[in-house]
Amino acid sequence: MHYQTESWNSYMSQKINITNDPLQHIERLASENAVVIFSISSCCMCHAVKRLLCGMGVNPTVYELDQDPMRGKEMEMALMMLLGNSCTPSVVPVVFIGGKLVGGMDRVMTSHINGSLVPLLKQAGALWL
């Protein structure tokens, strides 16, 4: 797994097109790598989806929202809007493959069980076999 190791603020200051819109920020981050997971470090479902993908040989880029005190909560709210989920207390994990929203743990597991996850990962260049 590739964790965002620099502070979010220093990472953002290095980018030319800094945006204040959290949805645009999420879309940009999601499009920069083959597999991107938005996570919270203490979330067991986030851990499970990371382990699933790593076990398949995928090296996802992980953004831990709780590690960003400046934008983490607003990004979590934007992800909630993106998923159309306003009822649950936590929206994570949220997985993007090839820059496209796959969804949460339920969607990833459904795709894995029905056999559509591997082709998605291959198409995004995250799996070679």
Side-chain angles (χ1 to χ4, degrees):
M1 276 180 282
H2 171 72
Y3 285 90
Q4 174 61 34
T5 55
E6 299 177 36
S7 78
W8 283 69
N9 294 332
S10 68
Y11 179 75
M12 287 304 299
S13 65
Q14 294 172 3
K15 298 295 178 184
I16 295 170
N17 294 327
I18 295 177
T19 178
N20 288 328
D21 180 17
L23 282 174
Q24 287 179 350
H25 183 60
I26 289 166
E27 288 173 8
R28 186 179 53 74
L29 292 175
S31 68
E32 290 178 346
N33 295 284
V35 178
V36 175
I37 302 170
F38 290 94
S39 172
I40 291 179
S41 55
S42 62
C43 170
C44 63
M45 289 297 138
C46 297
H47 178 75
V49 79
K50 291 179 229 177
R51 297 301 336 139
L52 170 69
L53 292 170
C54 287
M56 297 174 74
V58 174
N59 186 25
T61 298
V62 179
Y63 292 97
E64 300 288 1
L65 299 178
D66 57 325
Q67 301 299 314
D68 180 8
M70 303 277 295
R71 298 192 70 177
K73 274 296 179 196
E74 72 181 21
M75 288 181 63
E76 190 174 356
M77 296 300 283
L79 287 165
M80 199 176 290
M81 285 181 8
L82 195 61
L83 292 172
N85 183 2
S86 59
C87 300
T88 60
S90 180
V91 69
V92 294
V94 178
V95 179
F96 288 81
I97 298 175
K100 296 178 183 155
L101 174 65
V102 173
M105 179 67 166
D106 58 336
R107 299 260 187 184
V108 173
M109 288 305 294
T110 299
S111 298
H112 179 54
I113 291 167
N114 72 22
S116 63
L117 183 59
V118 169
L120 276 176
L121 293 167
K122 285 181 179 178
Q123 183 180 10
L127 278 181
W128 301 105
L129 301 175

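A quick note: this is a predicted structure, and the numbers were derived from the prediction, not measured. We number each residue from 1, following the sequence as shown.
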J.: Nearest 0.5 Å please: distance from the CG atom of Leu23 over to the CG atom of Leu79.
T.: 8.0 Å
J.: CD1 of Ile26 to CZ of Arg71: how many Å apart, nearest 0.5 Å?
T.: 8.5 Å
J.: What distance do Leu65 atom CG and Ile37 atom CD1 have between them, rounded to the nearest 0.5 Å?
T.: 11.5 Å
J.: Which pair of non-hydrogen atoms, one from Ala124 and one from Ile97, has the smallest distance, and what is that distance?
T.: CB-CG2, 3.7 Å
J.: Not counting sequence neighbours, which residues clear side-chain contact (heavy atoms from CB on, under 4.5 Å) with Ala126? List them please.
T.: Ala34, Val35, Val58, Leu121
J.: Take atom CE of Met105 as the centre, draw a 6.0 Å sphere, and report whether it contains more than 12 heavy atoms from other residues, nucleotides or ligands.
T.: yes
J.: Compare all side-chain heavy atoms of Pro22 with those of Met77 and state whether any distance is below 4.5 angstrom.
T.: no
J.: Rounded to the nearest 0.5 Å, how far apart are CZ of Arg51 and SG of Cys44?
T.: 14.5 Å
J.: Can you tell me which residue pairs pass the side chain to side chain donor-acceptor pair (under 3.5 Å) test with a partner in residues 115-127, sequence neighbours excluded?
T.: Asn114-Ser116
J.: Are the side chains of Leu82 and Val91 in touch, meaning some heavy atoms are under 4.5 Å apart?
T.: no
J.: With a 4.5 Å heavy-atom cut-off, do Leu101 and Leu83 have their side chains touching?
T.: yes
J.: Can you tell me how far the NE2 atom of His47 sits from the CD1 atom of Ile40, to the nearest 0.5 Å?
T.: 15.5 Å
J.: What orientation do Phe38 and Phe96 show, parallel under 30°, tilted 30 to 60°, or perpendicular over 60°?
T.: perpendicular
J.: Once you round to the nearest 0.5 Å, how far does CD of Glu64 lie from OG of Ser42?
T.: 8.5 Å
J.: Work out which heavy atom in Leu29 is nearest to a heavy atom in Val36; give both atom names and the distance.
T.: O-CG2, 3.7 Å
J.: Do Glu32 and Thr61 pass the side-chain contact (heavy atoms from CB on, under 4.5 Å) test, and can you show the C-alpha distance, the side-chain angles, and the key distance before you say yes or no?
T.: CA-CA 9 Å; Glu32 290 178 346; Thr61 298; over 6 Å; no
